[in-house]
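Right, one structure below, let's go through it.
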Amino acid sequence: METAADRFFQATEIIVLLAEHCDTRTLGRLCQTNRFLYSYTTPILWRNIDLLNFSLRQKEAKFAHQFLRLQQRSRYVRSLKIESELLSIFNDNIFDTEERPEWLPETEGAEDCRIAHFPPFTRLTHLVVSSGEHYVCDRIATALNSIDFRCLVRAIGSLSKLKHLDVHFVPSRESWSTAFRTLFICCPESVESLMLKPSRGGSTRYGFSLEPQEDDLDWDDGPIVLQLRPLPCLKKLILPIFMLIYGPHYTHMLQYCPNLETLEFVFLEPDFDNIIEALTPAVHQYCKHLRHVYVRQRTLREGDGKMAKFLEELPTPLETIYFEHFRPNQFHGLKMFQRHTETLKDIRFLDMEYILGPMVQEILTKCPNLERLQLRTVDDERASGTQLQFLVAEKWASERIRHLELGVRLDRFDAKDPHYRRKAHSRYSDKDNERWEALEKLYRQIGSLTQLEVLAMSPIGGCGTTALPQLMTLGDGAPNRKAYLSWLSELKNLREVDGMVRIHHSEIADTFTKAEGTWIAQNWTKLKRIGFLDYKPQKPKRVRGPGAEALNHLIKLKPQIDLRTREIINIDDFALDEVPRPDEYMPGMWEMEY
């Protein structure tokens, strides 16, 4: 008699679907259950291999067996992240027999000392190679030059199904531009994204040669043969900008990228805008489908006006403009957007020196397709938010905004008593009435964004508050007190609120009660995070201190909610070859795939 278990195991599609959601430990246990599960879960277990942060010195014995099995299971691998040292070992026979690590198999005869052509990974679609810091033995420190680079070039050239290539390895700083061009030319036509960057901490003191010498282990393989051809599938390209790179190096490459959609500039050193000027004609001529531009840099630069002019003069309308450490100019700050207002969907300026009110007004009132707006200033005394008058001057053009992060500059109220503790008989001054009218316009604009998922607005400047006045309260019934939380009842897709709800501020502590917590649980059903508390590594299960009763009531109604603000991540803490953490809930179009 056929049982339910028998019918389940016959539905192999369900088994594969469930296995794809298991972690590595669970997949390993499933592989050991029986031969049937082994045959379906083993390809998933070996699909994505990450060896970037592996210390061979510490885990050599434990890792050896699995590293050798990687060759046997290589037909299953689709994504491989590996250090260049391990790549050399995997390609085998970089070392002489006497100097090989104990866990590598012995070889005999010169005919065995040849570099492999990477044939096992013919199905690989995603390759990340990084120059690591874990040397297996002293010999490898000097092996990472010509042989290692030629091995990498031959490997990449043989991967006919490769789609994403990320190489953080270069033999030397002086020959980096030649290495970049060589790796670019050897890419297969299937490549869709190409990220080649100088690696931090790598073996940058060694040069390389594309032609092996007679005493090299890959002498029998002959010189590297390169063939220039277009890369029709290439959609994303990262161009590092530093002292030893010249505009013609990149101009020559761009003509082989006819369908490029995303272009990223990584400024490793400041003030090299001559490269941007040299690139501008080539981008205009060859990049007819460019839609996304990213600019990453470590510090504020005086030449941001030239980068803004580059964006302004682009012949194709953009959908994404991303900037790190931006110093806006009153003229270029407006002109760079006016060319692309009809098509812009994603605008992110992180760690700006200051925010120009007219620039924000131009974005909000002239971009009908805008979906994401992040304007974040540097954390110092010069930082300024957008004045309220620019936010409410006109109706916002886009109702599709899903992510809104913005600092708002508010003036102090004339009244001596805080507005949330006003007495019933008191009256507002004419100036205060004007301020409340402007705030109500802003709140109506926010409340009309029915697709909003992230709301992170906070007062900046000398307003004496970290909360948007009365926005997070339903009111206590006292006359002459305002309350606007109910105006946000249409934000059914809201997943995160931050920046304006710190419980340590007296207004939030006084006005946020159990009634507000109940309202949030009933109206914002998709809410995952609301930043009442400062970030701590451990998610709180119970709150003590100001507002504890209301916050614990909210936790009881929504047990999965996180009351911490997002972890503060300083861009300066990232090396430019690392990836900022993507939003955990936004769709793939928002992810910066480095």
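The shown structure was predicted, so the numbers you read here are calculated from the model rather than taken from an experiment.
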Atom CG in Asn523, atom CG in Leu494: separation rounded to 0.5 Å?
11.0 Å
In terms of heavy-atom contacts, does NZ of Lys81 have more than 12 from other residues, nucleotides or ligands at under 6.0 Å?
no
Has Gln338 got more than 12 heavy atoms of other residues, nucleotides or ligands less than 6.0 Å from its CD?
yes
Between the main-chain N or O of Leu370 and the side-chain N or O of Ser398, is there a donor-acceptor pair closer than 3.5 Å?
yes
Under 4.0 Å between a Lys/Arg side-chain N and an Asp/Glu carboxylate O for Glu453 and Arg402?
yes
Salt bridge Glu549-Lys514, side-chain N to carboxylate O under 4.0 Å:
yes
Would you please say whether a donor-acceptor pair under 3.5 Å links the side chains of Gln451 and Glu399?
no
Considering the options His340, Arg348, His292, which one meets the side chain to side chain donor-acceptor pair (under 3.5 Å) requirement together with Thr320?
His292
Taking the side chain from Arg564 and the backbone from Lys536, do they hold a donor-acceptor pair closer than 3.5 Å?
yes
Evaluation steps, side-chain contact (heavy atoms from CB on, under 4.5 Å), between Leu471 and Leu485
CA-CA 5 Å; Leu471 182 59; Leu485 182 58; 6.0 Å; no
Any donor-acceptor pair under 3.5 Å linking the side chain of Thr33 with the backbone of Arg29?
yes
Given the side-chain rings of Phe265 and Phe310, with only the six-membered ring counted for Trp, is the space between their centroids under 6.0 Å?
yes
Taking atom NZ of Lys556 as the centre, does the number of heavy atoms from other residues, nucleotides or ligands within less than 6.0 Å exceed 12?
no
Nearest heavy-atom neighbours spanning Phe512 and Leu551
CE2-CD2, 4.0 Å
Arg435 meets the salt bridge (charged side-chain N to carboxylate O under 4.0 Å, His left out) criterion, sequence neighbours left out, with Asp414, Asp432
Can you name the nearest heavy-atom pair linking Thr511 to Thr473, along with the distance?
O-OG1, 3.5 Å
Is it true that Lys236 and Glu192 have a side-chain N and a carboxylate O under 4.0 angstrom from each other?
no
Tell me whether the centres of the aromatic rings in Tyr294 and Phe349 are closer together than 6.0 Å.
no
Return yes if a side-chain donor-acceptor contact under 3.5 Å exists between Glu516 and Thr513, otherwise no.
yes
Taking the six-membered ring of Trp524 as reference, does the NZ or CZ atom of Lys492 fall below 6.0 Å from its centre and within a 45° cone about the axis?
no
So, the side chain of Gln374 versus the backbone of His403: is there a donor-acceptor pair under 3.5 Å, distance only?
no
Side chains of Met472 and Ile530: does their closest heavy-atom pair fall under 4.5 Å?
yes
Tyr484 side chain near Leu474 side chain, heavy-atom distance below 4.5 Å
no
To the nearest 0.5 Å, atom CZ of Arg291 lies from atom CG of Leu318 at 10.0 Å
Could you tell me if His553 and Thr518 have a donor-acceptor pair between their side chains, going purely by distance under 3.5 Å?
yes
Given Asp562, which partner from the list Lys528, Arg529, Glu496 fulfils the side chain to side chain contact (heavy atoms under 4.5 Å, CB included) test?
Arg529
Residues Arg502 and Asp534 bridged, charged N to O under 4.0 Å:
yes
Verdict with reasoning, Val295 to Ile321, per side-chain contact (heavy atoms from CB on, under 4.5 Å):
CA-CA 8 Å; Val295 180; Ile321 297 179; over 6 Å; no
Quick one: does any side-chain atom of Ser489 pair with a main-chain N or O of Ser486 as donor and acceptor, under 3.5 Å?
yes
So does Glu342 get a backbone contact from the side chain of Asn369, meaning a donor-acceptor N/O pair under 3.5 Å?
yes
Other residues, nucleotides, ligands: >12 heavy atoms within 6.0 Å of Gln389 CD
yes
Closest contact, heavy atoms only, Met500 versus Ile508
O-CD1, 3.8 Å
Going through the checks in order, is the side-chain contact (heavy atoms from CB on, under 4.5 Å) test met by Tyr322 and Glu264?
CA-CA 9 Å; Tyr322 175 96; Glu264 179 178 336; over 6 Å; no
Is the shortest distance from a Lys or Arg side-chain nitrogen in Glu20 or Arg47 to a carboxylate oxygen in the other one below 4.0 Å?
yes
Measuring from Thr26:OG1 to Leu18:CG, what's the distance to the nearest 0.5 Å?
12.0 Å
Compare every heavy atom of Lys366 with every heavy atom of Thr341, then report the nearest pair and how far apart it is.
CB-O, 3.2 Å
Check the pair Phe337 / Ile347 against side-chain contact (heavy atoms from CB on, under 4.5 Å), numbers first and verdict last.
CA-CA 10 Å; Phe337 293 110; Ile347 300 175; 3.9 Å; yes
For His505 and Val501, indicate whether the former's side chain and the latter's backbone hold a donor-acceptor pair under 3.5 Å.
no
Between Arg25 and Asp23, does at least one N-O distance fall below 4.0 Å, as a salt bridge requires?
no
Validate the cation-pi geometry between Lys431 and Phe413: distance from NZ or CZ to the six-membered ring centre under 6.0 Å, angle to the ring axis within 45°.
no
Where the side chain of Thr125 meets the backbone of Arg78, is there a donor-acceptor pair that is under 3.5 Å apart?
yes
Trp396 side-chain N/O to Leu391 backbone N/O, donor-acceptor pair under 3.5 Å
yes
Pairing donors with acceptors under 3.5 angstrom, does anything connect the side chains of Thr565 and Asp498?
yes
